[in-house]
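In what follows, a single structure is set out as structure tokens and then discussed.
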Amino acid sequence: MAKPPLSMKPTGWFCVAWSDEVGVGDVRAMHYFGEEMVAWRTQSGRVTVMNAYCEHLGAHLGHGGHVVDEVIQCPFHGWQWNAEGRNVCIPYQDRPNRGRRMRTYPVVERNDAIWIWHDVDGREPFFDAPDVFASFADGSSAAGYYPQQRLFRGSLEMHPQYVLENGVDFAHFKYVHQTPIVPVFTRHDFSAPVSYVDFTITFEGDEGQSIDDVRSGVEAINGGLGIAVTKSWGMVDNRTISAVTPVDERTSDVRFMVYIGRTPGRDDQRAADKARGFGEEVIRQFAQDIHIWSHQRYSDPPALATAEFEGFTAIRQWAKQFYPDGIGGSAAEVHAALQKG
């Protein structure tokens, strides 16, 4: 199996767990970006994500390590490490080891999920992870929606960029989802690390429909390659979060979350059941996309139709900033760099 042309260690915010998977006092072992990691939650509720191997003699903190108040304790010799990765206690010595530090990752919790900032050069976050409510600045909150519905698929042979490129792909709806939707893009803004794509929804065969007549659409915010949040308006009020996190040099974990809006005055069980059914349909359609992505080969340069050129060119150019070499998977630029070398 060939290594994918795109680097599997991009910069950005990436989801490593749902919040309820790491309760108070829990230690969760995980593997992302080719590294063994642990997530743990202190008694005060703070979540820390750090590399898993104790700096003392290399014991894995995810296998027997436990939380003691605000620190994590190694199962091997009881060394304790705080949320900054510093050793604060050696139980059989009167002072800690101040010279060693475990690697920790910047963490945010939002929309019931835990996100870490990953950057191979160790840079601090230079953009914020979008929030599926607050980032749209429309006064919305989780209180106006039914509980989050979820999908998880682990260790799939796919890259985060595939999911982001789906946001400018107007032609796949008919063939992947068997729906007559024809998106008409009203915004492509790739001028910053957080980008924006908006489109209105028209339907195949309704050529007489003008944009002024459209009453539904989608607004998407992409926070780098690891997170995309959407707001759908018109037909059924829903919000989605898609998150793809590299596991190793070939595979990624996929998480997808959907919120269905509550209808004022209709909060009975029938309304809740109907909302759940719609959420399941949104998840089903995302799973159809996953089936394509997990068997996809990155095509560069792609053979684009004329109408696809602007969107795909813009998003691929935008994506380059998140790769360590600033090139990503551009075959032409990789070749040019090799020639200069």
Side-chain angles (χ1 to χ4, degrees), residues 12-24 26 28-32 37 39-41 45 47 49 107-116 118 129-136 140-160 162-164 166-167 176-177 218-232 235-247 251-263 267 269 271-294:
W13 290 102
F14 296 88
C15 188
V16 294
W18 282 301
S19 292
D20 57 18
E21 293 179 312
V22 187
V24 170
D26 287 349
R28 179 181 176 87
M30 55 184 62
H31 184 92
Y32 287 111
M37 303 178 183
W40 51 282
R41 191 182 297 273
V47 171
V49 177
V107 171
V108 295
E109 278 194 90
R110 60 191 41 159
N111 304 137
D112 299 316
I114 298 169
W115 308 83
I116 67 167
H118 176 266
D131 184 291
V132 78
F133 301 112
S135 294
F136 291 101
S140 63
S141 72
Y145 290 76
Y146 288 99
Q148 184 186 88
Q149 294 172 250
R150 300 170 173 173
L151 171 148
F152 173 79
R153 298 286 174 82
S155 298
L156 299 180
E157 291 182 18
M158 58 179 285
H159 191 281
Y162 297 169
V163 182
L164 271 296
N166 205 58
V176 177
H177 306 304
V218 176
E219 300 173 25
I221 303 174
N222 305 314
L225 302 179
I227 173 174
V229 299
T230 71
K231 167 188 175 180
S232 297
M235 292 182 288
V236 177
D237 178 12
N238 73 87
R239 310 282 174 121
T240 72
I241 309 165
S242 55
V244 185
T245 305
V247 172
T251 65
S252 298
D253 284 354
V254 180
R255 291 175 178 85
F256 182 71
M257 297 144 267
V258 59
Y259 295 85
I260 306 300
R262 298 177 185 272
T263 302
D267 208 13
Q269 189 59 48
D273 291 343
K274 186 175 181 180
R276 172 159 289 278
F278 189 82
E280 290 171 351
E281 174 59 19
V282 175
I283 289 173
R284 186 190 71 83
Q285 291 195 20
F286 189 78
Q288 291 176 320
D289 288 323
I290 290 175
H291 179 71
I292 300 293
W293 297 326
S294 61

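When a residue number appears, it is its place in the shown sequence, counting from 1.
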How many angstroms lie between atom [atom1] of [X] and atom [atom2] of [Y], to the nearest 0.5 angstrom?
X    : Y    : atom1 : atom2 : answer
T230 : F136 : OG1   : CZ    : 6.5 Å
I227 : L164 : CD1   : CG    : 10.5 Å
I114 : R28  : CD1   : CZ    : 8.5 Å
Y145 : I260 : OH    : CD1   : 9.0 Å
K231 : E219 : NZ    : CD    : 5.0 Å
Q148 : I241 : CD    : CD1   : 5.5 Å

Okay, side chain of [X], backbone of [Y]: is any donor-acceptor separation there less than 3.5 Å?
X    : Y    : result
S294 : M158 : no
S155 : T251 : no
R41  : S19  : yes

Next item on the list: Could you give me the CA-CA distance, side-chain angles and deciding distance for V247 and H31, then say whether side-chain contact (heavy atoms from CB on, under 4.5 Å) is met?
Entry: CA-CA 6 Å; V247 172; H31 184 92; 3.7 Å; yes
Residue pair [X] / [Y]: nearest heavy atoms and the distance that separates them:
X    : Y    : result
V132 : Y259 : CG1-CE1, 3.9 Å
Y146 : G261 : CE1-O, 3.8 Å
V47  : E109 : CG2-OE2, 3.4 Å
R255 : V16  : NH2-O, 3.2 Å
A39  : V22  : O-CG1, 4.1 Å
S135 : D131 : OG-N, 2.7 Å

Any donor-acceptor pair under 3.5 Å linking the side-chain atoms of [Y] with those of [X]?
X    : Y    : value
Q285 : D289 : no
R239 : S140 : yes
D253 : Y32  : yes

Item checked: W293: which of Y162, F286, F256 passes ring pair (Phe, Tyr, Trp, His ring centres under 6.0 Å) -> F286
Contact between [X] and [Y] at the side-chain level, heavy atoms closer than 4.5 Å - yes or no?
X    : Y    : result
D112 : D20  : no
I290 : L151 : yes
S232 : V218 : yes
V229 : F133 : no

Check: Checking side-chain contact (heavy atoms from CB on, under 4.5 Å) for the pair I283/Q149: CA distance, chi angles, key distance, verdict?
Finding: CA-CA 8 Å; I283 289 173; Q149 294 172 250; 3.9 Å; yes
Notebook entry, point to check: Does a sphere of radius 6.0 Å around CZ in R284 hold more than 12 heavy atoms from other residues, nucleotides or ligands, not counting ones at 6.0 Å or beyond?
Noted result: yes
Check: Does atom NE2 of H177 have more than 12 heavy-atom neighbours from other groups under 6.0 Å away?
Finding: yes
Check: Could R110 and W115 be counted as a cation-pi pair, given that NZ or CZ must be under 6.0 Å from the ring centre and within 45° of the axis?
Finding: no
